[in-house]
Amino acid sequence: MWVPALKNLTWAAIILGLSNTVVVLLGGFLVILAYPSCDHRYVFPFVAVSFAAWVRIVAMVPSGIAQEATAMTILESPSDNSAGVADAVLRLERRMRYKKWLWWTRFATVITVLQFVGATYLMFHTAKYISHPGTSSNCVLGIFSNGSWWKQRLLALFIIMACLVALVQCFAGSDVVNWRSYYATKDNAWKAHYLEVFDNGMREALCCLGRVRYLSVLEEDEVYSVARLLGDLVAYRASGTGHLELLAGLALLQRHGQSPRSFEDSMEAPEGLIQEAAALHKFAEAAYTGPLLDFGRNPFLFPCAWLYRQGLLAPWARNRWPILNGDNWWRGHAAAFLKHVNLTSEVLRQGRVNQAKCEAAYFIVVLHHLRSVVVAVRGTETPEDLITDGLCKECILSAEDLDGLMNSSHVHPDVKLSVESSFPHYGHSGILGAAQDLFMQIDGNPGDYECKSSGFLSSLLGAGCECDGYDVRIVGHSLGGAIAALLGIKLYRRYKNLHVFAYGPLPCVDAVVADACSEFVTSIVYDNEFSARLSVGSILRLRAAAITALSQDTKTDKATIFRLARQFLNLSERQRSGTEVNNPASDLYYGAITGEDLNHQVYESEYLNDSQGSEGQCRVFPLLNEADKDSVITMDHSKFTHPFESNVDTFDNPISQFMETVPRSESTSARDPPEMYPPGLVIHIVPHRSLPMSMWKACTVQLSAQNYKAYIASRESFKDIIVSPSMFLDHLPWRCRYAMKNVLEARSAQGILNESYSV
């Protein structure tokens, strides 16, 4: 058996081991002094506390041995990602050793809880004796009143040590051996370590949520893929920097903030698009039929609101609601969806609620009065949705995935040429898988494009069918918006009247595809919401920005930050000097659709009308391509500069050298991972305040209709995450709906004022 060397032990383990030893010795000595003439009920608290301390000491030995065995197994694991039989055996051994160590740490945690309970009971027992003395002078607690001075001090020291050890162990953690003594600055070892941490943690969390099947999976699955990505993102531990230091850097970014961007030169979004987006937003919001929507609106009364929406208070009315795939027995999800959109059950034709991995929940609604068929795709609400979000590594889009752009007769020939000439194209792997599955669910055979009766949508919209000639609208929020966009790209060849409205979508396609689908995909982004900026590249840049913020803060330890930057620099250099994929089309991919009038034009024949009210005129207007490269962060002091500023001196500066290896916002190279963007035409809705407003007034006063404006934005402005106090709250779906409503009201009021002025 391996016995961890003393130098590998953590200081916390040494101190707690010695402290527990003192508790055992003092408790045993006091019990020996008092036991012959003391009743057992007065001795029991001291015996229990001493015994728990002894068990805690004993448990530290196998826990440390298991921890060392886990570290050695990780160090012996191969550094590459090959999938041989030997590697699979090593991965299995690594997982089993990690689980063994984890069970020992949990046993130690249970002992810690018992020690805390025992110390509490000892304090209560002592307080009871002091208030009602009645034991013999020879009992342990009798030492307080009748014992000699050294016995009184021993008793007081025992009680203090028992309480202090129990309290400290609650915050000291369960590590006996210092991981760094084995991993040092080995980046691959830290990645493998955190892969096991995230993999086991996610599987147990999924098991607690009822997904027991994930707990017994031994091969590489989607949970393993997400865990490997998360392990890569926390590889900064190899430099000796902890998680709290990175959070401190993010706090600095939030405190200093970014200078507000000016939209004076931006073009306002067409009113027709915003009107339809606002009208259809309720379907994307209604797709959240679980308790998440009600929890966001009513944090305290959400169970009552959710039960009401689910119709559980009136289960006898279940036959009024349509049957959906995966719905509960009282058909609550169908009831919740229809109640939110305030429509009858006849309009809901098909849907799915309970989904597996890389599958999306959806609802298909037929609106005869609007001559439209609406497909609402739900965003992130279940653990399976979180896994789909986490599968964010780029994957290559096939010609079949881009069929609506490459083979559709409704797409401009120049757009087709740009897509075909710039292969390969990339997309979000999890979102692409969900879109492919959803395509098979609602429109059947992907290979027979001439068949109009292969899927459910074709049976509704085919020639001579119920909805022949109707418009097709696909809507979704967050993850649902990104899935809707990729689904729309696959369906656009079949349905020329198709349009996708994605509210706060995740970046899911590369720049070429994102621009090419601008004619029939519209992304609505509200203010600083994080989802439209969340990608692997943006997370890496945010991590680098946090390091730079710490390095330029006067109160930060520069040696630690420089050590962190050097580690990242060495890692990036090793990755760049290793195997690289030679992509002959990379120049086309990164440069074919930037700055040309083709890529920044939207062919509008449906939403833009002239002043005389004539319809059907095709108009073309340019999308603004303002890269906004001058992105210096406004600071309280002048020494802080933006991490990605181009004029930084890189001579003998590890921070600046590290920045050279990070994917930059304003430029790309063939060595960088493909950048993901929000799909289609991007409309950015931002608050527009003419006068400054205090925080208290902003929270208590309802904003007027003039407080929001909608602009056509360059997708380049969404490459980096904005650290803001409202970055998560802005993602709530009803905030976007309220903002769109205010934009329309403001424009309506402005039109009335202009008309009255002209008269």
Side-chain angles (χ1 to χ4, degrees), residues 263 266-285 341 365 367-376 410-412 415 469-477 481 484-485 488 492 495-505 514-526 600-624 678-686 688 705-706 708-715 736-755:
F263 291 90
S266 300
M267 178 180 294
E268 293 195 9
E271 186 173 349
L273 275 177
I274 300 179
Q275 283 180 341
E276 188 167 7
L280 295 175
H281 184 275
K282 63 180 181 180
F283 294 98
E285 188 175 343
V341 298
V365 177
L367 304 175
H368 289 296
H369 63 290
L370 297 178
R371 294 183 59 81
S372 298
V373 175
V374 179
V375 181
H410 323 309
V411 178
H412 195 278
V415 176
Y470 281 25
D471 295 331
V472 179
R473 297 293 180 260
I474 308 177
V475 298
H477 174 262
Y492 190 59
Y495 310 107
K496 64 179 181 179
N497 294 329
L498 180 144
H499 201 98
V500 177
F501 289 96
Y503 308 95
D515 283 333
C517 65
S518 296
E519 182 180 353
F520 58 93
V521 176
T522 302
S523 294
I524 313 291
V525 180
Y526 174 71
H600 298 289
Q601 291 179 348
V602 175
Y603 303 87
E604 291 292 326
S605 59
E606 185 176 357
Y607 303 105
L608 293 181
N609 302 322
D610 58 9
S611 58
Q612 280 75 23
S614 61
E615 299 181 358
Q617 295 184 359
C618 180
R619 297 194 180 185
V620 181
F621 59 92
L623 284 177
L624 297 180
L681 174 68
V682 181
I683 296 179
H684 194 193
I685 302 179
V686 294
H688 191 273
Q706 288 78 14
Y708 291 97
K709 287 194 174 183
Y711 300 96
I712 295 176
S714 169
R715 68 187 80 260
C736 181
R737 173 172 50 83
Y738 175 79
M740 288 189 293
K741 178 183 176 182
N742 279 2
V743 168
L744 293 174
E745 291 177 352
R747 292 191 180 185
S748 176
Q750 186 67 29
I752 294 175
L753 291 176
N754 290 340
E755 183 179 358

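Numbers here are sequence positions counted from 1. Owing to the predicted nature of the structure, the values given are computational and were not obtained by experimental measurement. The figures here come from the full heavy-atom set of this structure, side chains too, leaving out hydrogens, waters and symmetry mates.
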Undergrad: Looking at every heavy atom in both A514 and P678, which two are closest together, and how far apart are they?
TA: CB-O, 3.6 Å
Undergrad: Could you give the distance from CG (D471) to CZ (R371), rounded to the nearest 0.5 Å?
TA: 8.0 Å
Undergrad: Quick one: does I474's side chain get under 4.5 Å of Y495's, heavy atoms only?
TA: no
Undergrad: Under a 3.5 Å distance rule, please check whether Y503 uses its side chain to pair with a backbone N or O of A277 as donor and acceptor.
TA: yes
Undergrad: Got a second to check how far I685's CD1 is from Y526's OH, nearest 0.5 Å?
TA: 8.5 Å
Undergrad: Looking just at side-chain N and O atoms, do Y708 and Y738 make a donor-acceptor pair shorter than 3.5 Å?
TA: no
Undergrad: Is there a side-chain contact (heavy atoms from CB on, under 4.5 Å) between L744 and Q275 once you walk through the steps?
TA: CA-CA 7 Å; L744 293 174; Q275 283 180 341; 3.5 Å; yes
Undergrad: With sequence neighbours excluded, tell me which residues meet ring-ring contact (aromatic ring centres under 6.0 Å, His included) with Y470.
TA: H368
Undergrad: Could you report the tightest heavy-atom contact between A710 and I274, atom names first, then the distance?
TA: CB-CD1, 3.4 Å
Undergrad: Would you call R747 and E268 a side-chain contact if the rule is heavy atoms closer than 4.5 Å?
TA: yes
Undergrad: About how many Å separate OH of Y492 and CG of N497, when rounded to the nearest 0.5 Å?
TA: 8.5 Å
Undergrad: So, taking the atom named OG in S714 and the one named NE2 in H684, what distance separates them when rounded to the nearest 0.5 Å?
TA: 12.0 Å
Undergrad: Quick one, E276 with R473, criterion side-chain contact (heavy atoms from CB on, under 4.5 Å). Give me CA distance, side-chain angles, the key distance, then yes/no.
TA: CA-CA 10 Å; E276 188 167 7; R473 297 293 180 260; 2.4 Å; yes
Undergrad: On a heavy-atom basis, which atom in G481 and which in A502 lie closest, and how many Å separate them?
TA: O-CB, 3.5 Å
Undergrad: Donor-acceptor pair, R715 side chain versus G680 backbone, under 3.5 Å?
TA: yes
Undergrad: Which distance, rounded to the nearest 0.5 Å, do you find between the CG of L273 and the CD1 of I683?
TA: 5.0 Å
Undergrad: If you measure from CG on D515 to CG on L681, what distance do you get to the nearest 0.5 Å?
TA: 10.0 Å
